[in-house]
Colleague: 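Can you read through this structure? Questions will come right after.
Excluded from the calculations below are hydrogen atoms, water molecules and symmetry mates; all remaining heavy atoms, backbone and side chain alike, are included. Lettering follows sequence order; numbering is per chain, from 1.
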2 protein chains.
Amino acid sequence: MPRTTLRSVAQAAGVHAATASRALNPETRHLVNADTARRVLKAAERLGYQPNPIARSLKTARSNTIGLVVPDLTNPLFPPIARGIEEVLEEAGYSVWIVNTDHDLAREQALVESLRSRQVDGLILCTAHLSHPLIEKMRDEGVKMVLANRRTDDPGVPSVTPDDAHGIDLAVRHLAGLGHRRIAHLAGPQSTSTALTRARTFRHVVRDLGLDDDGLVVECAQWSERAGAEAMNALLDSGTSVTGVTAGNDLIALGCYDALDERGLSCPDDVSIVGFNNIPLLDKLHPPLTTVAIPHHELGSEAARMLLDYIEEPDRQPRSVLLPVSLITRRSTSAPPQENG
Amino acid sequence: MPRTTLRSVAQAAGVHAATASRALNPETRHLVNADTARRVLKAAERLGYQPNPIARSLKTARSNTIGLVVPDLTNPLFPPIARGIEEVLEEAGYSVWIVNTDHDLAREQALVESLRSRQVDGLILCTAHLSHPLIEKMRDEGVKMVLANRRTDDPGVPSVTPDDAHGIDLAVRHLAGLGHRRIAHLAGPQSTSTALTRARTFRHVVRDLGLDDDGLVVECAQWSERAGAEAMNALLDSGTSVTGVTAGNDLIALGCYDALDERGLSCPDDVSIVGFNNIPLLDKLHPPLTTVAIPHHELGSEAARMLLDYIEEPDRQPRSVLLPVSLITRRSTSAPPQENG
DNA sequence: TTGTATGCGTTATCAG
DNA sequence: CTGATAACGCATACAA
């Protein structure tokens, strides 16, 4: 049973399809006699007419759809961002197409290609690397897009990210304030802006505060619990005795929990840990994790608003917005253990 | 810069568009001279030709896309299911369009309408209620779909769900085995198959085991931590003294943690708690939550395979598959406290 | 084996 | 203000 088409509505209203099209589209309705328009609207209503977005896209090269590219939906960071995006875009009449790249550049390329071939009106990418050929290429082609959470090196691509530097600053000062002098940073993959900014700032702050400083930065291969555990194990194996750790994100911090557990060490009695992102459930952990909270939802809604701006006004200067973060103090951080002797 | 079109490929290869179309489509390639085909393929390659899926959809009324409808992506249950689905469907050449209904029937209807108008080849729904007019209507219209995680009352709609009854059976017997005699069930919304099956089975098993039984089932308004806390508070306020709780799902169980915390009660010393679903991070909670594990990933992949079957063979009898579950014993359950006197 | 013609459902351009 | 016509890019029935 085929859906009602524009032609049948036109026929029912006794007008030509072109007229019906004009009457149905609010933008062009003023071009048609008010009575005729009413008749068409009525017929459309009666027949339950739904415009065919595919035919419309073919004609207009638009889709009222934007693509959201995330590296991994099972990372609890991204669903709230997606919600923020959907809320704003839906309000503006857009649908959101979410795709998962699984951290794989080839998959990303294929999925972006698929989105673009479906005429998405814009893209929001949560997958940016500092150097990112695909994004550079799209910038050159004038693709409307906004980066969320992470940015590239290139200021020519608009982005909305958390204030990573301030976040790490808060974390380190919190530990220093508790009396810690030997603090390590378990950094995320340094190919991403979030990881690089956090690691760099860590080094600066450690130096500024005059803390013990001999390169206590360990890079994790992934933003994952497993990689966090491996990095923490490496750190402990190396013999350096840290009393505090700022993790690149919460998953890495959870990996630290695992590593400490395995060795019978206690958090925070032996080592204090600070995470980053404030994903759900951290307050119920053992111990509850102190972390830097980022505004997930606003990260999404802000990126969406920015994208709408660029769609409406393509020549606008690219902006890079930093969203404020805050420290959530829980029980994974305390004064360092007393040294004996 | 307009994308390369079929015509330009045809032109470059010195053939007509129709021939190029046949050469490019593996299904029809045998209709064309091998040499010509090679020439066309080469030209397509050289020009970077990507077929326009919109034009193709308009012509064929298909899209190589399926819609995935979830109630709430921020519930950690759904992302792994989505991954399972994507894995199978991508392999089969389909894209997956994920939409969030936010538990809202009106939104669901609008989103499903939007998916269908974009010619999705099938739907996987994680939003089923026992009575679900939209799903019934689609069944009548012959829409290809599979329900995942939850089912409707109607056996005429294929589904893949966890073996909820066996899960609750395991949970209650586990508590009974530890010595509990007064066990409550904090049920999910009884309009869903998962909640109803779990609650019903709970009553049966309690009776079978001869446990204290006076309707210790409290229904939560939502599958949420907040609703779980409210239900647990109501239960404790009512003066009934339970020593064990089986929660409708893990989020509700987390709500129990909150309620106990607020009253200075301890889990498992005062009350043992069992969850359902085994979402991530439960092993790191305080205390780690005993729960019924369901095969998230397989739930998705199985549903996807089933959908492919129905797409290929529309007249196939609808099947309802139950996936096995297992009990994961952690430290939120122990022997009940000794009664005094 | 290949080319021609047509249509999928819309919208845009051009007359009237 | 409205109607006729064409075109978006592709696939297919039909003709050659």
Side-chain angles (χ1 to χ4, degrees), chain A residues 1-41 43-44 47-65 113-114 116-121, chain B residues 1-41 43-44 47-65 113-114 116-121:
Chain A
M1 134 194 45
R3 303 164 53 91
T4 24
T5 163
L6 181 62
R7 293 175 97 87
S8 47
V9 173
Q11 202 159 11
V15 299
H16 192 270
T19 307
S21 171
R22 286 187 280 252
L24 258 4
N25 184 340
E27 310 277 303
T28 50
R29 189 169 301 153
H30 67 276
L31 296 173
V32 49
N33 180 298
D35 266 353
T36 325
R38 224 185 323 274
R39 229 169 49 245
V40 172
L41 270 307
L47 298 177
Y49 170 68
Q50 299 286 117
N52 180 330
I54 296 189
R56 182 177 281 173
S57 286
L58 184 59
K59 181 64 187 171
T60 62
R62 304 190 58 245
S63 64
N64 280 302
T65 294
E113 185 55 48
S114 152
R116 292 186 63 192
S117 71
R118 282 173 165 84
Q119 308 273 32
V120 292
D121 299 330
Chain B
M1 132 195 45
R3 303 164 54 89
T4 22
T5 162
L6 182 60
R7 294 175 97 87
S8 47
V9 173
Q11 203 159 9
V15 299
H16 192 270
T19 307
S21 171
R22 286 187 280 252
L24 259 5
N25 184 341
E27 309 278 303
T28 49
R29 189 168 301 156
H30 66 276
L31 297 174
V32 48
N33 181 298
D35 268 350
T36 327
R38 225 185 323 273
R39 230 170 46 247
V40 172
L41 271 306
L47 298 176
Y49 171 68
Q50 298 286 117
N52 180 330
I54 296 189
R56 183 177 281 174
S57 285
L58 186 58
K59 180 68 187 170
T60 61
R62 303 191 60 247
S63 64
N64 281 302
T65 294
E113 184 56 47
S114 152
R116 292 186 61 191
S117 71
R118 282 174 166 81
Q119 308 273 32
V120 292
D121 299 330

Colleague: Go through B/I54 and A/Q119 one step at a time and tell me if the side chain to side chain contact (heavy atoms under 4.5 Å, CB included) criterion holds.
Modeller: CA-CA 8 Å; B/I54 296 189; A/Q119 308 273 32; 3.1 Å; yes
Colleague: Output the rounded distance in Å from CZ (A/R118) to C1' (D/dC8).
Modeller: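 For the pair A/R118 CZ and D/dC8 C1', the rounded distance is 17 Å.
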Colleague: Can you list, by residue number, the residues of residues 49-57 of chain A that have a non-hydrogen atom closer than 4.0 angstrom to DNA chain C?
Modeller: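 Correct list: A/Y49, A/Q50, A/P51, A/N52, A/A55, A/R56.
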Colleague: Does some side-chain heavy atom of A/S57 sit less than 4.5 Å from a side-chain heavy atom of A/R118?
Modeller: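 No, too far: nothing below the 4.5 Å cut-off.
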Colleague: Specify the separation, in whole Å, of atom CG of B/L24 and atom P of C/dT2.
Modeller: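 From B/L24 CG to C/dT2 P: 14 Å.
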Colleague: B/E27 has an atom CD; how far is it from atom P of D/dC10, in whole Å?
Modeller: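 Whole-Å distance recorded here is 18 Å.
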Colleague: Cut-off 3.5 Å, no hydrogens considered: what does the side-chain donor-acceptor table look like for residues 26-34 of chain B, sequence neighbours left out?
Modeller:
from  : atom 1 : to    : atom 2 : distance (Å)
B/T28 : OG1    : B/R22 : O      : 3.0
B/T28 : OG1    : B/N25 : O      : 3.2
B/R29 : NE     : B/A23 : O      : 2.7
B/R29 : NH2    : B/A23 : O      : 3.4
B/R29 : NH2    : B/L24 : O      : 3.2
B/H30 : ND1    : B/E27 : O      : 3.3
B/N33 : OD1    : B/D35 : N      : 2.6
B/N33 : OD1    : B/T36 : N      : 3.3

Colleague: Between atom CG of A/L58 and atom CZ of B/R56, what is the distance when rounded to the nearest 0.5 Å?
Modeller: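 Here the interatomic distance stands at 13.0 Å.
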Colleague: Checking contacts here: which listed nucleotide (C/dT11, C/dG9, D/dT2) is nearest the side-chain heavy atoms of A/L6?
Modeller: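 Minimum distance to the A/L6 side chain belongs to C/dT11.
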Colleague: To the nearest angstrom, how far is A/L58 atom CG from C/dA12 atom P?
Modeller: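 Going from CG in A/L58 over to P in C/dA12 covers 13 Å.
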Colleague: How long is the line joining CD of A/Q11 and P of C/dG9, in whole Å?
Modeller: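 Those two atoms, CD and P, are 14 Å apart.
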Colleague: Using atom CD of B/Q119 as one end and atom P of C/dT10 as the other, report the distance to the nearest whole Å.
Modeller: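 B/Q119 atom CD is separated from C/dT10 atom P by 11 Å.
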Colleague: Indicate yes or no: at least one non-hydrogen side-chain atom of A/R39 is less than 4.5 angstrom from one of A/V15.
Modeller: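 In contact.
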Colleague: Pick base, sugar-phosphate or nothing for B/L31, based on heavy-atom distances below 4.0 Å to the nucleic acid.
Modeller: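 Base, at least one base heavy atom under 4.0 Å.
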Colleague: I need the CZ-C1' distance between A/R7 and D/dA6, as an integer number of Å.
Modeller: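 After rounding, the gap between these two atoms is 13 Å.
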Colleague: Identify the pairs formed between an N or O of the protein and an N or O of nucleotides 12-16 of chain D at a distance under 3.5 Å, and give each distance.
Modeller:
from   : atom 1 : to    : atom 2 : distance (Å)
D/dA13 : N6     : B/R22 : NH1    : 3.4

Colleague: Can a side chain N or O of A/T36 be found less than 4.0 Å away from OP1 or OP2 on D/dT2?
Modeller: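 Looking at the OP1 and OP2 atoms of D/dT2, one of them is under 4.0 Å from a side-chain N or O of A/T36.
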Colleague: Does the pair B/V40 and B/V9 meet the rule for a side chain to side chain contact (heavy atoms under 4.5 Å, CB included), with working shown?
Modeller: CA-CA 7 Å; B/V40 172; B/V9 173; 4.2 Å; yes
Colleague: Provide, to the nearest angstrom, the distance between the CZ atom belonging to B/R29 and the P atom belonging to C/dT2.
Modeller: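 Nearest whole value for this atom pair: 13 Å.
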